[in-house]
Number of protein chains: 2
Amino acid sequence: MTTTDLLSRLRGRDWRLSAQRRAVAEVLVGDHVHLTAEEVHELARSRLPEISRATVYNTLNELVAMGELGVVDVVDGPRRYDPYVTAHHDHLVCDRCHTIRDVPRTTALPQVADDARGGFLVTGVEITYRGLCPDCAARYGR
Amino acid sequence: MTTTDLLSRLRGRDWRLSAQRRAVAEVLVGDHVHLTAEEVHELARSRLPEISRATVYNTLNELVAMGELGVVDVVDGPRRYDPYVTAHHDHLVCDRCHTIRDVPRTTALPQVADDARGGFLVTGVEITYRGLCPDCAARYGR
DNA sequence: TCCTGTATTAGAAGAAGTCTAACTTAGGAA
DNA sequence: TTCCTAAGTTAGACTTCTTCTAATACAGGA
Ligand SMILES: [Mn+2]
Ligand SMILES: [Mn+2]
Ligand SMILES: [Zn+2]
Ligand SMILES: [Zn+2]
């Protein structure tokens, strides 16, 4: 199953697609990618050397606000941006080296009990599994 | 049901309980509390005016490493510290004002499918519901 | 062409957390 | 008691990550 990629989705949007924004979008390709802003900047520069850090941040923030990009927060270290928003999936995060791995969401979506919701409007749910990646488990965990 | 509070749990530990550490622990009381380091510092100062920011951070980090304190990351804004570690529970986070509400974990723990785990050692799982708190929903949401 | 709002830029500024090096303290040994 | 040592504390510098600012560039419409 091929999911529509970020850049194609953006064409169908009312959003000016400048050279800078295109460079950012072109870099965020693939379903299992979790880049930092710094990595996006680095990669975008290889296409458009003069692109600035501010524009990268601006663009990433806009894409997140548009729902075209997800954010994964690793607690330690910079946020990561996830272009795979077309299907729900969860994340496995290594507590040691902060590697992220996608895992499909098999279980039914957990729900908040009505009596615990207390007027809160729930719009989404994130499941984060924590542990040690194979490398760190070998070196460290038992 | 009364859960044992942080300070009582710490007495049973091999951990020197200085005046500073006690001030931090005494402030982290209650089951539905999610304070920032800054807030902890502020409150601890009212008990022990000379306590420093470094000590507050040191103590919080140690308590987290000891498993006596949980961390909640709100994506935007500083981390929050959660003394309610005696029972698993999940969090409802307002995307607008970053208020956190505890919700009991009703559903069975989600599991990572064996074939997706790929050698990853899973030690925990966090479920975060996102949405709008009652106030923000009234002001913004539909 | 000119105008106007949007986009981009470099660098300053801000927020959050960590580190350093000096100082204090509390026990234990002598 | 006095001395010694390890652990704890402190102020403030520093790092990292992100946002802001103010100047400039650009693009599309009148
Ligand atoms: Mn992902
Ligand atoms: Mn909680
Ligand atoms: Zn790892
Ligand atoms: Zn809110």
Side-chain angles (χ1 to χ4, degrees), chain A residues 10-11 13-27 34-45 47-66 68-82 95-98 100, chain B residues 7 10-11 13-28 34-45 47-66 68-82 95-98 100:
Chain A
L10 291 177
R11 283 190 233 282
R13 286 259 190 183
D14 178 20
W15 192 58
R16 187 164 344 164
L17 202 45
S18 66
Q20 287 85 347
R21 288 174 173 182
R22 185 189 317 279
V24 169
E26 282 177 353
V27 144
H34 307 92
L35 299 173
T36 64
E38 179 55 34
E39 289 166 339
V40 170
H41 191 195
E42 211 51 44
L43 291 165
R45 276 166 88 89
R47 291 163 188 269
L48 191 67
E50 70 272 24
I51 191 175
S52 73
R53 189 169 34 119
T55 294
V56 169
Y57 273 104
N58 287 344
T59 304
L60 291 172
N61 287 341
E62 283 163 29
L63 291 173
V64 170
M66 289 159 72
E68 296 290 359
L69 218 49
V71 174
V72 185
D73 210 298
V74 191
V75 174
D76 209 74
R79 331 183 155 143
R80 293 168 176 277
Y81 295 88
D82 186 344
D95 284 330
R96 188 142 203 96
C97 70
H98 310 126
I100 300 174
Chain B
L7 198 58
L10 291 176
R11 282 189 234 283
R13 286 259 191 182
D14 178 20
W15 193 59
R16 180 147 12 147
L17 204 45
S18 65
Q20 289 85 344
R21 288 175 173 182
R22 186 190 316 279
V24 168
E26 282 177 353
V27 143
L28 287 160
H34 307 92
L35 298 174
T36 64
E38 180 54 34
E39 290 167 339
V40 170
H41 191 195
E42 210 51 44
L43 291 166
R45 276 165 88 89
R47 291 163 187 269
L48 190 68
E50 69 273 25
I51 190 173
S52 74
R53 187 167 42 111
T55 294
V56 170
Y57 273 106
N58 287 345
T59 304
L60 291 172
N61 287 340
E62 283 163 31
L63 292 173
V64 169
M66 290 159 71
E68 296 289 0
L69 218 49
V71 174
V72 185
D73 210 299
V74 192
V75 175
D76 210 75
R79 334 183 153 142
R80 292 165 177 277
Y81 295 88
D82 187 344
D95 283 331
R96 186 132 209 110
C97 70
H98 311 127
I100 299 175

Quick one: [X] [atom1] to [N] [atom2], roughly how many Å, whole number?
| X | N | atom1 | atom2 | value |
| --- | --- | --- | --- | --- |
| A:Glu38 | D:dT15 | CD | P | 17 Å |
| A:Asp14 | D:dA27 | CG | P | 17 Å |
| A:Leu60 | D:dT18 | CG | P | 10 Å |
| B:Leu48 | D:dG8 | CG | C1' | 13 Å |

Between the main-chain N or O of [Y] and the side-chain N or O of [X], is there a donor-acceptor pair closer than 3.5 Å?
| X | Y | answer |
| --- | --- | --- |
| A:Glu26 | A:Ala23 | no |
| A:His41 | A:Thr36 | no |
| B:Arg79 | A:Val75 | yes |

### Query
Between residues 16-27 of chain A and DNA chain C, which residues have a heavy-atom gap below 4.0 Å?
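Listed by number, they are A:Arg16, A:Ser18, A:Gln20, A:Arg21.
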### Query
Pick the nucleotide of DNA chain C nearest each of A:Val56 and B:Arg79; which residue has the one closer to the 5' end?
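Comparing both residues, the 5'-ward one is A:Val56.
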### Query
Should A:Asn58 be listed as having a side-chain N or O under 4.0 Å from OP1 or OP2 of D:dT19?
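No, A:Asn58 has no side-chain N/O under 4.0 Å of OP1/OP2 on D:dT19.
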### Query
Does a nitrogen or oxygen in the side chain of A:Tyr57 sit under 4.0 Å from OP1 or OP2 of D:dT18?
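Yes.
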#### Entry: Result of checking B:Asn58, B:Thr59, B:Leu60 against B:Val56 for side chain to side chain contact (heavy atoms under 4.5 Å, CB included)
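Answer after filtering B:Asn58, B:Thr59, B:Leu60: B:Leu60.
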### Query
Do A:Glu38 and A:Arg53 sit within salt-bridge range, that is, some charged N less than 4.0 Å from a carboxylate O?
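A:Arg53 and A:Glu38: not salt-bridged.
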### Query
How far apart are the C-alpha atoms of A:Glu68 and A:Arg13, what are their side-chain angles, what is the distance that settles it, and do they pass the salt bridge (charged side-chain N to carboxylate O under 4.0 Å, His left out) test?
CA-CA 11 Å; A:Glu68 296 290 359; A:Arg13 286 259 190 183; 3.0 Å; yes
### Query
What are the 5'-most and 3'-most nucleotides of DNA chain C lying under 4.0 Å from any heavy atom of chain B?
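So the outermost contacting nucleotides come out as C:dA16 to C:dA26.
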### Task
Please test B:Arg22 against B:Val24 for side chain to side chain contact (heavy atoms under 4.5 Å, CB included), starting from the C-alpha separation and ending with a verdict.
CA-CA 5 Å; B:Arg22 186 190 316 279; B:Val24 168; over 6 Å; no
### Task
Kindly indicate whether the side chain of A:Arg80, heavy atoms from C-beta on, has any atom under 4.5 Å from the side chain of A:Leu35.
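Side chain of A:Arg80 against side chain of A:Leu35, heavy atoms only: no contact under 4.5 Å found.
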### Query
Reckon A:Glu50 touches a base, only the sugar-phosphate, or nothing at all at heavy-atom distances under 4.0 Å?
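It contacts sugar-phosphate atoms only.
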### Query
So which nucleotide from D:dT18, D:dT10, D:dG12 ends up closest to the side chain of A:Arg53?
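It is D:dT18.
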### Query
When rounded to the nearest 0.5 angstrom, what distance separates CH2 in B:Trp15 from CZ in B:Arg21?
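That separation rounds to 4.5 Å.
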